[in-house]
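What follows is a short report on a single structure.
Below, chain A is the first sequence line, B the second, and so on; all start at residue 1.
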2 protein chains.
Amino acid sequence: MNIGQAAAGSGLSAKMVRHYESIRLIPRAGRTEAGYRVYSAKDVNTLRFIRRARELGLSIERIKRLVGLWQDRERPSAEVKRVATEHVAELDAKILELVAMRDALQELAKACHGDPRPDCPILRDLESGARAAIPGGSVTEHVSHPRRSTAVGAAPRHTA
Amino acid sequence: MNIGQAAAGSGLSAKMVRHYESIRLIPRAGRTEAGYRVYSAKDVNTLRFIRRARELGLSIERIKRLVGLWQDRERPSAEVKRVATEHVAELDAKILELVAMRDALQELAKACHGDPRPDCPILRDLESGARAAIPGGSVTEHVSHPRRSTAVGAAPRHTA
DNA sequence: GCTTGACCTTGCCATTATGGGAAGCCCCAC
DNA sequence: GTGGGGCTTCCCATAATGGCAAGGTCAAGC
């Protein structure tokens with residue numbers, strides 16, 4: 001099958017399938033005489049694997065490792081688990097960061113009248129507030145109301 | 001003062017101060033005859049405001065709005081509050097996404113022996129698992145399109 | 001005066017994962 | 001034989017930041 005079918009069958013975009021080939025996450029697909037990429041059902045399985053891994057937020061680098069382990073019948077499950085727990089640790093760190101931001105901003109917003117007058121604790125905080133540590137608490141418990149919005153405006157990088 | 005002093009005084013890098021100028025988050029700084037940027041204490045205050053806003057994860061676009069409101073003595077606090085609550089909503093959405101990922105992966109990891117044998121529920125899930133409800137957790141079903149961020153491996157995009 | 005070193009300038013590249021679009025070839029149905 | 005849809009490659013853009021490079025500037029010390 002061509003890339004369109006493979007993409008549809010895996011849930012990825014054709015664009016991303018090409019991209020994954022270019023960064024060598026997947027091997028170079030075979031070509032027809034006209035240069036069209038050719039995929040097998042097995043290839044689609046690999047692409048689905050990748051899509052699911054991306055849904056769990058795994059980075060391309062980790063997915064590379066996982067695909068390698070997946071295809072190795074002798075793999076120690078310990079290695080797979082390690083990749084997973086590494087990612088869980090990063091997710092936890094990120095979650096803590098975002099929760100701290102949200103809680104701080106939510107407090108400020110709560111204290112803001114939100115009326116036609118100019119006085120505003122949010123601006124006062126930004127103007128000269130010292131960002132302080134937020135008292136501990138389980139992250140999960142704070143997560144309440146949903147919302148299917150879009151991007152969060154990314155935070156300062158210091159992480160890696 | 002020069003950019004180095006302004007950067008140090010605001011907690012930003014000189015690089016970012018130049019960047020913020022280039023994207024017009026701040027006005028073009030005055031120059032010496034040699035072309036060096038010149039900053040006043042007031043400029044540094046603005047830079048500090050920006051740094052704190054970034055610490056709260058606000059995007060440059062929202063910070064632009066906030067800086068504008070901050071400098072407008074007639075601003076309605078309701079507008080400031082709106083910017084803040086918009087961001088809180090996005091943070092909440094992002095947090096939910098990450099928590100869903102973390103919980104799912106954590107469950108899988110917990111079920112993985114992590115020994116020298118190849119059998120592994122994590123790979124089995126990726127191989128053909130539908131992302132489903134996590135026991136004990138409220139976050140479930142389709143983990144839709146996340147986004148990128150700091151340390152975490154980022155997820156699919158759709159948003160912007 | 002001249003050297004040295006710290007600081008400044010602009011500009012380009014990299015990151016992460018993904019989308020968009022252009023220019024141009026290919027294939028099949030009608 | 002033609003039109004439209006699928007395919008190809010390549011470049012650009014995103015968000016925010018770091019890094020490096022080549023070169024100008026300034027102040028201090030000799």
Original post:
Using a cut-off of less than 4.0 Å, is there contact between a side-chain N or O of A/Ser13 and OP1 or OP2 of C/dG19?
Top reply: yes
Original post:
Just checking, is any N or O donor in the side chain of B/Asp115 or A/Ser77 under 3.5 Å from an acceptor N or O on the other one?
Top reply: yes
Original post:
Are side-chain N/O atoms of A/Ser40 and A/Asp43 paired as donor and acceptor at under 3.5 Å?
Top reply: yes
Original post:
The side chain of A/Ser59 lies closest to which of these nucleotides: C/dA17, C/dC8, D/dT17?
Top reply: C/dA17
Original post:
Hey, does the side chain of B/Arg75 reach the backbone of A/Pro118 with a donor-acceptor pair shorter than 3.5 angstrom?
Top reply: yes
**OP:** Measure the distance from CD on A/Glu61 to C1' on C/dT15 and round it to the nearest whole Å.
**Re:** 12 Å
**OP:** Check the distance between C/dC25's P and A/Tyr36's OH and give it to me in whole angstrom.
**Re:** 12 Å
**OP:** Using a heavy-atom cut-off of under 4.0 Å over every strand shown, decide if B/Arg37 touches base, sugar-phosphate, or nothing.
**Re:** sugar-phosphate
**OP:** Give one of base, sugar-phosphate or nothing for A/Thr32, where a contact means two heavy atoms less than 4.0 Å apart.
**Re:** nothing
Subject >> Spacing between A/Ile3 atom CD1 and C/dC26 atom P, to the nearest angstrom >> reply: 17 Å
Original post:
Per the atom types in the model, does the base of D/dG6 pair as donor or acceptor with the side chain of A/Lys15 at under 3.5 Å?
Top reply: no
Original post:
Rounded to the nearest Å, what distance is computed from the CD1 atom of residue A/Ile63 to the C1' atom of nucleotide C/dT16?
Top reply: 12 Å
Subject >> Selected nucleotide, minimal atom distance to A/Ala34 side chain, candidates C/dC26, C/dG19, D/dA16 >> reply: C/dC26
**OP:** Keeping the roles fixed (side chain from B/His87, backbone from A/Leu105), state whether a donor-acceptor pair exists under 3.5 Å.
**Re:** no
**OP:** Grab the CD-P distance between B/Glu21 and D/dT17 for me, whole Å please.
**Re:** 16 Å
Original post:
Do the side-chain N or O atoms of B/Arg31 get closer than 4.0 angstrom to the phosphate oxygens (OP1, OP2) of C/dC8?
Top reply: no
Original post:
Just how far, in rounded Å, is C1' of C/dA17 from CG of A/Leu58?
Top reply: 14 Å
Original post:
Tell me: CD1 of B/Ile26 to P of D/dA16, nearest whole Å?
Top reply: 14 Å
**OP:** Go through C/dT9, D/dG18, C/dC8 for me and flag the one nearest to the B/Arg18 side chain.
**Re:** C/dT9
**OP:** Kindly indicate, with the supporting measurements, whether the criterion side chain to side chain contact (heavy atoms under 4.5 Å, CB included) is fulfilled by B/Ile63 and B/Arg54.
**Re:** CA-CA 8 Å; B/Ile63 296 176; B/Arg54 284 295 302 139; 3.5 Å; yes
Subject >> Interatomic distance where CZ belongs to B/Arg54 and P belongs to D/dG18 [whole Å] >> reply: 11 Å
